[in-house]
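Throughout, numbering of the chain's residues begins at 1 and tracks the sequence. The structure displayed is predicted, hence computed values, not measured ones.
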Amino acid sequence: MAPKRQNSPSRKASVKGKGKVKKNQPPSPKEKPDHPDDIYPIVLTTATQELFECCIDEDVTDQSPYKLLKKDDIIQDIKTRAAVSDFHPVKQFVLDYPEDEILLVFDVDFTYGQSFYLVLTPEAKARIYNVLQPPQPEIIEVLEDDVSKTPEPKPWISLGSELEVDQESVKETREKLCYKFYLKRRPGLPVCFSDRNSTEAECRSVECPSYQDSRFSIKRMQRDCGMQAVPRLQSSTTQTQRAFQRNIFTQYEPRELSKKEKERILSSENLRKFLNSVTPRVLHALQQTHIMNVFTDDFKALGIGAEASDRLVMVSEGLKLQWTFTDEKRAMGNKISSVSWHPTIHGLIAVAFIKKQEEQLDKSTAYINSPAFIVFYGFPDQSNPRLLLECPDDIFAFEFCPSNPNVIVGGCRNGKVVLWDISFHAPHLQGTQPNSKKGSDSDSDTDTFDFDKKENKTPVMRYCAVSSIESSHKSPVTDVQWLPKTFEVTRTGVPVQNNSNISVQVVTCSPDCTVMFWDLRVPKLQNQFLADRKQDVDQKTMMTPYSIPKTFKHLDRTWKPLFRVSLPKSDTSGEYAPLKFSLEHYTCNSNTGRNTDNENDVAEVLPEYSQLRIPSAKTLRTLDDVNTKFYIGTEEGEIVYTDWKLEEDEFERKFSAKPLLCFRTHAWFVNTMQRSPFFKDILLTTGGWNFAIWKEGVMGGPIFVGPSSEQEYSAACWSLSRPAVFFIGRNDGSIEVWNLLLNTSESTHFHEHIASTRITCIKPCIASSKQHYLAVADNLGMLRVFSVPKTLRSPVKNEDLNMQIFFDREHDRLKDYLEWEEQWAKQRKEAGESKKQVEPDKPVTFQVDSEEADLKEYSDYLKLEESILE
């Protein structure tokens, strides 16, 4: 049964009046629909007609009123537009229709009340479609031979038609008459012209305009028209919309087995069988690896390697991993803050572990003070430390004494400065080396402590002295350096001659905006009889593995700085927060010996620090050739050049001088400041995403600034054998090798992801002429030692001379740039002054007048607001 028409009065409900509903009534005989059951009158909007290509007078006309619609298109339109679709009332009939095409008829005469009606059954479709379909003309088959031949003209055959044409034709039967009419002209008559109104009756004119006669119309039977096919063009635009940037993070959590599953797996028979079968093979493989190194270069062992002839074997250009040191017990949750090679013992390296900042924040509510250590590793044992130095807190920086390698100074997180004396453990660290010192055991007084340690465990050494907490830094000590044994400084920072022949002073810096100078000798105010009173007892006291040397007992918990240098800012109030600093190396002719035997002889007669006293500055000779200026790297990436020598005001009060220069070269923390081992006036700094090279005495800025990197630079160091080479560690665990003689725009070698996390420290070492090592520490507490290839350790011909030329050229370039910049500033200033002279002087408004104007404007605003509210 077809659905009822939309205008039928038999709908289920209709609104009549306000809020009244009319009840359902059966249709009367007069109200029954007058269309058959197999069609449905329907109204199609213009959008629907264009969608289904059934527009009136274009796609459907009275000559061709039918249109076949695809059933799938109608269903898709019902799904897309739902109740808005014009085919929604006949949805069920469309779904039940058996064929693929439904007939739509254009009702020109509105026979069923609408402009279209839809045929709902195939029978009605066949009936209506056959009636409306015009008869097809017969198709006459034409042979190809007939079409291709040109018709030939046939001779004329008369059948009498020419007689009929002759009879119907009009012929003249008489001659034409000729009439001539003319008007006799009378020239010379007067003519009179005048103006008259067109509305007057005498001169009224009648206009006969053309118009369309409504009584008949001419029907056009034929029209000339042309048609041309053109492509359908459509213009469209697109715009890429960038999504709003948001900070997102992802946290990973390891998925672990439960305790029951672990116990079940560990106690299973399959695991026991697997371990029993695998253990012999693993042990066999380890034994083979220990017996023979498969990576050994046989040609090199035979003496025909790269060292013998560069033409025979290709030299490796990359760093080669030799050893990996890690201590699972102490490296867990810690990172390496500082690395230092032992100055005299080959293959001995010390590292300092500190807690990560993230773990400190997590454990801030329940903080457990775990012990901190400086760990000594030695070749080739990669897992067992040689010695542990106990620390009062995490060590951020430490350094061996250049004149006595058994003395170590370090800076703690809590701002204290710590001293160690490892003279007793020197033979143990040297192993079987013949030059091990054994005479230092009886040189120090000790206090014996009862430690419950086994002999086969790693020895632990407690610190000898720590600075006073009141006089220490208020922030972590980020850098520490020894003053050379060639000079010392007084309490005002004046360099004087050092008669002790050993390094006796230390310099430290901290983000608390101070640089402190410390003296290891006994101060003058301390009692002189303290060491003499126990001299006999100290000679009888024997050293034990758990004894604390009394080398610096006179400084323990009472050690105060000799003097401190503050770092005021040059342009504004406040002070700089230093992280790293660099002092210029000073050497004199009397202390430049390079003979190892002489150094050993001097080391045997080194005086004890407890027997030394701080001399009076008046008795020492002032050294005028010592440079008291030094570089400082700050937290904000600034490089500051200042003087540590204190100045006096008019009231003879000591104060720190303003810095000589300050440049914001780096965008982030300055993590490296190292002088070149070949050029004492050349300094390398890294911080943020670039590096810079400075020259001592150049006040215009860095002579060379490297390009910006994709990753942040975290550590750097110069090569000890090549003046043009230096290494830079990055935040992603990669290392860049730069050679300034080959390329200044990018690194010559790039070693990607040497470590899986941030590289915290890089330190080179030369064991022999053919053994150069590079120690790399990362943020996970792992220490890797790489061997440096020949290309990076063997200098080229005249490399130091070429580098000197390079630095001089960069210095000249900087001077030229500064001169041009000064000229440009003068030109801009002159242009501004000339512009002021041309323009009229503007009235000067003082601050008081501007404040009065603001108050008046505000009072007017209040009045306006009150008037609006009223």
Side-chain angles (χ1 to χ4, degrees), residues 286 289-290 293 295 318-356 370-391 394-400 405 408 410 420 422 425-426 428-433 456-461 714-717 720 727 729-730 732-735 751 753-768 771-789:
L286 293 175
T289 305
H290 184 71
N293 185 7
F295 299 103
L319 299 176
K320 181 179 179 182
L321 180 63
Q322 292 290 340
W323 294 281
T324 301
F325 299 96
T326 181
D327 191 350
E328 297 180 357
K329 181 179 179 181
R330 296 168 185 85
M332 184 65 66
N334 297 335
K335 64 179 181 179
I336 297 177
S337 60
S338 182
V339 177
S340 183
W341 294 88
H342 196 280
T344 58
I345 302 177
H346 166 63
L348 187 65
I349 185 171
V351 296
F353 291 97
I354 64 172
K355 301 178 185 64
K356 295 182 180 179
S370 58
F373 294 97
I374 294 179
V375 183
F376 282 76
Y377 293 111
F379 298 163
D381 194 353
Q382 304 181 21
S383 58
N384 298 322
R386 295 276 189 90
L387 179 64
L388 300 178
L389 298 184
E390 186 178 350
C391 311
D394 290 341
I395 299 296
F396 275 63
F398 70 95
E399 188 175 358
F400 289 92
I408 304 173
W420 292 271
I422 60 173
H425 297 281
H428 169 69
L429 296 176
Q430 291 176 350
T432 59
Q433 294 184 5
N456 57 352
K457 288 191 176 181
T458 303
V460 180
M461 185 75 184
S714 57
C717 69
L720 298 180
F727 306 89
R730 305 202 313 179
D732 60 348
S734 304
I735 289 182
H751 303 277
H753 300 302
I754 285 181
S756 59
T757 182
R758 175 188 177 95
I759 293 177
T760 59
C761 192
I762 300 177
K763 284 296 177 65
C765 175
I766 298 179
S768 63
Q771 290 181 346
H772 292 214
Y773 299 113
L774 185 69
V776 180
D778 61 11
N779 210 27
L780 295 179
M782 294 189 65
L783 177 67
R784 297 173 176 86
V785 178
F786 297 87
S787 62
V788 181

Nearest heavy-atom contact between Ala777 and Val339 is CB-CG2, 3.7 Å
Minimal heavy-atom distance between Ile345 and Ala426, with the atoms involved, is CD1-O, 4.5 Å
- Item | Close side-chain approach of Thr757 and Met782, heavy atoms under 4.5 Å | no
With sequence neighbours left out, the residues meeting side chain to side chain contact (heavy atoms under 4.5 Å, CB included) with Ala372 are Cys391, Asp394
Heavy-atom closest pair (Cys717 atom, Leu774 atom, distance to 0.1 Å) is SG-CD1, 4.0 Å
**Prompt:** Could you walk me through whether Phe373 and Glu390 pass the side-chain contact (heavy atoms from CB on, under 4.5 Å) check?
**Reply:** CA-CA 5 Å; Phe373 294 97; Glu390 186 178 350; 4.2 Å; yes
Taken to the nearest 0.5 Å, the spacing of Arg758 CZ from Asp778 CG works out to 11.5 Å
To the nearest 0.5 Å, atom NZ of Lys763 lies from atom OG of Ser338 at 5.0 Å
Rounded to the nearest 0.5 Å, the OG1 atom of Thr458 sits from the CG atom of Asp327 at a distance of 7.5 Å
When rounded to the nearest 0.5 Å, the distance separating NE2 of His346 from CH2 of Trp341 is 8.0 Å
For Gly781 and Thr326 the tightest heavy-atom approach is O-OG1, 4.3 Å
Using only atom types and a distance under 3.5 Å, with no angle test, would you say the side chain of Ser714 pairs donor to acceptor with the backbone of Gly729?
yes
Contacts of Arg386 meeting side chain to side chain contact (heavy atoms under 4.5 Å, CB included) (sequence neighbours excluded), chain-then-number -> Leu348, Phe376, Leu429
d(Leu319 CG, Arg784 CZ) to nearest 0.5 Å is 12.5 Å
message = What I'd like to find out is whether the side chain of Gln322 reaches to under 4.5 Å of the side chain of Phe786, using heavy atoms alone.
response = no
Smallest heavy-atom separation, Gly410 atom then Trp420 atom, equals N-CZ3, 3.9 Å
**Message:** Side chains of His753 and Asp732, heavy atoms from C-beta outward: is any pair under 4.5 Å?
**Reply:** yes
Practice problem: For Thr760 and Ile336, indicate whether the former's side chain and the latter's backbone hold a donor-acceptor pair under 3.5 Å. | Solution: yes
Value for NE2 (His342) from CD1 (Ile349), rounded to nearest 0.5 Å, stands at 12.0 Å
Paired with Phe325, the side chain to side chain contact (heavy atoms under 4.5 Å, CB included) test is passed by just one of Val351, Asn384, Val785, namely Val785
Taken in chain and number order and not counting sequence neighbours, the residues that satisfy side-chain hydrogen bond (donor to acceptor under 3.5 Å, both in side chains) with His772 are none
Taking every heavy atom of Phe398 against every heavy atom of Ala350, the minimum-distance pair comes out as CZ-O, 3.4 Å
Margin query: Contact between Leu389 and Leu387 at the side-chain level, heavy atoms closer than 4.5 Å - yes or no?
Written below: yes
Check whether Ser337 reaches the backbone of Ile395 with its side chain - one donor and one acceptor, N or O, closer than 3.5 Å. yes
Q. Do Ile374 and Leu388 come close enough that some side-chain heavy atom pair is under 4.5 Å?
A. no
Using atom types as modelled and distance alone, determine if a side-chain donor or acceptor of Ser340 lies under 3.5 Å from a backbone N or O of Glu399. no
Quick check: Tyr773 with Phe379 (ring centres under 6.0 Å apart)?
yes
